[in-house]
Protein chains: 2
Amino acid sequence: MKRRNTIQRNLVLEAIRTMKSHVTAEEVFEFIRKNHPHIGKGTIYRNLGILAEEGEIRRVEIPDGPDRFDFTLKDHYHVRCIRCGEVFDVKMDALSDLMSKVRGPRGMEFLDYDISFKGICPDCRTE
Amino acid sequence: MKRRNTIQRNLVLEAIRTMKSHVTAEEVFEFIRKNHPHIGKGTIYRNLGILAEEGEIRRVEIPDGPDRFDFTLKDHYHVRCIRCGEVFDVKMDALSDLMSKVRGPRGMEFLDYDISFKGICPDCRTE
DNA sequence: ATACATGCAAAGAATTTGCAGCTTG
DNA sequence: CAAGCTGCAAATTCTTTGCATGTAT
């Protein structure tokens, strides 16, 4: 399955690069739709998946909300506000080699991990 | 909203206590349905939510799969097999006070975090 | 040419919700 | 008896898929 270089795929990558961090598929769709009203939402999802698989972008799975997509390459984590659902970046010193510390069922191959925080964002706290 | 002590709520709690770890709402539903064929799925979801909120059980949000529910009290994390979707417990030495290490937007209140791993389980590796 | 992609609409999976009637305190 | 619940079905939300047509290589 050799990949093609389609207009739509480039638009999606371009959008992720242009828009603010951790956008949802829906946001990418609305963004691109402004200039390309006929793009289909399925195409957005398909291309986000392909780009993430190729490592061009990063898929961030947010518990309790739609997946987000990042262009950022370096590792960072996220907090989700339990009131409004907004997602923010958080910084944290690299955890010392988490992958070598885990113990799972015998023979389990560990590939990846993610840490996600929950909290209440400044705006929601003062309401 | 004072809580009542309903048969259904007790059945759900009982089910979580009886069944193996990290079960899905669907599994709880099927389990209870054996003896109470008229229980509604909405009731299962509502009660799982209430019990989790009360701290009687723990909700574990699995990226890319349905929520799981645990009776286990102590902290532990999970791996999800990317091939078959099965979820396993993992053990890891307590991380030294992650909550005090995070830096988020100014004024963000951090409440909780979870770590989730991905991997390939023994069964799927040998297939 | 021909395999891969697209747009559109419909299907799916997980969960939530509206509502009339039933229960618990 | 009033506030909570329940069962049921329909609605929501996010994402995937089938298919006829389009297009990059």
Side-chain angles (χ1 to χ4, degrees), chain A residues 1-16 22-54 56-57 59-69 80 82-87 116, chain B residues 1-16 22-54 56-57 59-69 80 82-87 116:
Chain A
M1 47 151 122
K2 185 150 213 252
R3 237 112 229 193
R4 283 187 195 167
N5 189 17
T6 66
I7 293 171
Q8 292 85 342
R9 182 122 71 238
N10 289 327
L11 284 170
V12 171
L13 182 52
E14 181 71 17
I16 299 286
H22 42 68
V23 291
T24 62
E26 183 65 34
E27 289 165 342
V28 173
F29 177 57
E30 294 303 340
F31 181 88
I32 295 178
R33 188 144 71 146
K34 281 177 196 147
N35 298 313
H36 300 75
H38 285 294
I39 197 164
K41 198 177 279 192
T43 300
I44 304 292
Y45 275 100
R46 274 184 291 238
N47 281 313
L48 285 171
I50 288 169
L51 291 167
E53 200 176 277
E54 289 179 342
E56 298 268 29
I57 64 178
R59 180 194 296 268
V60 186
E61 285 152 328
I62 306 289
D64 216 26
D67 285 1
R68 310 281 180 145
F69 298 86
R80 179 174 207 267
I82 60 169
R83 298 246 173 94
C84 68
E86 189 65 58
V87 173
S116 58
Chain B
M1 48 152 118
K2 186 148 212 260
R3 237 113 227 195
R4 282 187 195 166
N5 190 16
T6 67
I7 293 171
Q8 291 86 341
R9 182 120 73 237
N10 289 328
L11 284 171
V12 171
L13 182 52
E14 181 71 15
I16 298 286
H22 42 70
V23 290
T24 62
E26 183 65 35
E27 288 165 343
V28 174
F29 177 57
E30 294 303 340
F31 182 89
I32 295 178
R33 189 143 72 144
K34 281 178 197 146
N35 297 313
H36 300 77
H38 286 293
I39 198 163
K41 198 178 279 192
T43 300
I44 303 291
Y45 275 100
R46 274 183 293 239
N47 281 313
L48 286 170
I50 289 169
L51 291 168
E53 200 176 278
E54 288 178 343
E56 299 267 28
I57 65 178
R59 179 195 297 267
V60 186
E61 285 153 328
I62 307 289
D64 216 27
D67 286 1
R68 311 282 181 143
F69 298 86
R80 179 173 205 269
I82 61 171
R83 297 248 174 93
C84 67
E86 188 66 59
V87 174
S116 56

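Residue numbering restarts at 1 for every chain, and letters A, B, ... go by the order of the sequence lines.
- Between the CD1 atom in B/I7 and the OG1 atom in B/T43 there is a gap of 12.0 Å [rounded to 0.5 Å].
- In summary, contact between chain A and DNA chain C, defined as any nucleotide atom under 4.0 Å from a heavy atom of the protein, begins and ends at C/dA3 to C/dC8 in the 5' to 3' direction.
- Side-chain N/O atoms of B/H38 include one lying less than 4.0 angstrom from OP1 or OP2 on D/dC8.
- Of the inter-residue distances, the one linking A/L13 atom CG with A/F69 atom CZ reads 12.5 Å to the nearest 0.5 angstrom.
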Test B/R9 against B/R46 for side chain to side chain contact (heavy atoms under 4.5 Å, CB included), laying out the working first. CA-CA 9 Å; B/R9 182 120 73 237; B/R46 274 183 293 239; over 6 Å; no
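- Side-chain atoms of B/L48 and B/I16, non-hydrogen and from C-beta on, do get closer than 4.5 Å to each other.
- Distance CD1 (B/I39) to C1' (D/dC8): 13 Å, rounded to an integer number of Å.
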Within the 4.0 Å limit for protein heavy atoms, which parts of nucleotides 19-25 of chain D are touched? Write it as a string from 5' to 3', B for base, S for sugar-phosphate only, - for none. ---BBBS
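- The CD atom of B/E86 lies 10.5 Å from the CD1 atom of B/I62; values are rounded to the nearest 0.5 Å.
- Per the geometry, CD belonging to A/E53 stands 16 Å off P belonging to D/dT15, to the nearest Å.
- DNA chain D is contacted by both B/I50 and B/P37; B/I50 maps to the nucleotide lying nearer its 5′ end (nearest heavy atom per residue).
- Whole-Å rounding puts the A/R68 CZ to D/dC14 C1' distance at 12 Å.
- In this structure, the CD1 atom of A/I44 is 14 Å from the C1' atom of D/dC14, given to the nearest Å.
- If you measure from atom CD of B/E61 to atom P of D/dC14, you get 14 Å, rounded to the nearest angstrom.
- Nearest approach of B/A52 to B/R59, heavy atoms of both residues: CB-CB, 4.2 Å.
- Using a cutoff of 4.0 Å between basic side-chain nitrogens and carboxylate oxygens, B/E53 and B/R3 are scored as salt-bridged.
- Between B/I44 and B/A25, the closest heavy-atom pair is CG2-O, 3.7 Å.
- Atom OH of B/Y45 is separated from atom C1' of D/dC5 by 19 Å (rounded to the nearest Å).
- Rounding to the nearest 0.5 Å places NE2 of B/H36 at 13.0 Å from CZ of B/F29.
- Ranked by how close their nearest DNA chain D nucleotide is to the 5' end, B/K41 and A/K41 are led by B/K41.
- Atom-to-atom, CD of A/E26 to P of D/dT16 comes out at 14 Å; the value is rounded to the nearest Å.
- One can place CZ of B/R33 at 17 Å from P of D/dT6, the figure rounded to the nearest angstrom.
- Recorded end-axis angle for the helix from C/dA1-D/dT25 to C/dG25-D/dC1 stands at 30°, based on five pairs per end and rounded to 10 degrees.
- For the pair A/H22 and A/V60, the minimum side-chain heavy-atom distance is 4.5 Å or more.
- One distance of note links OG1 of A/T24 with CD of A/E26; it measures 6.0 Å at 0.5 Å rounding.
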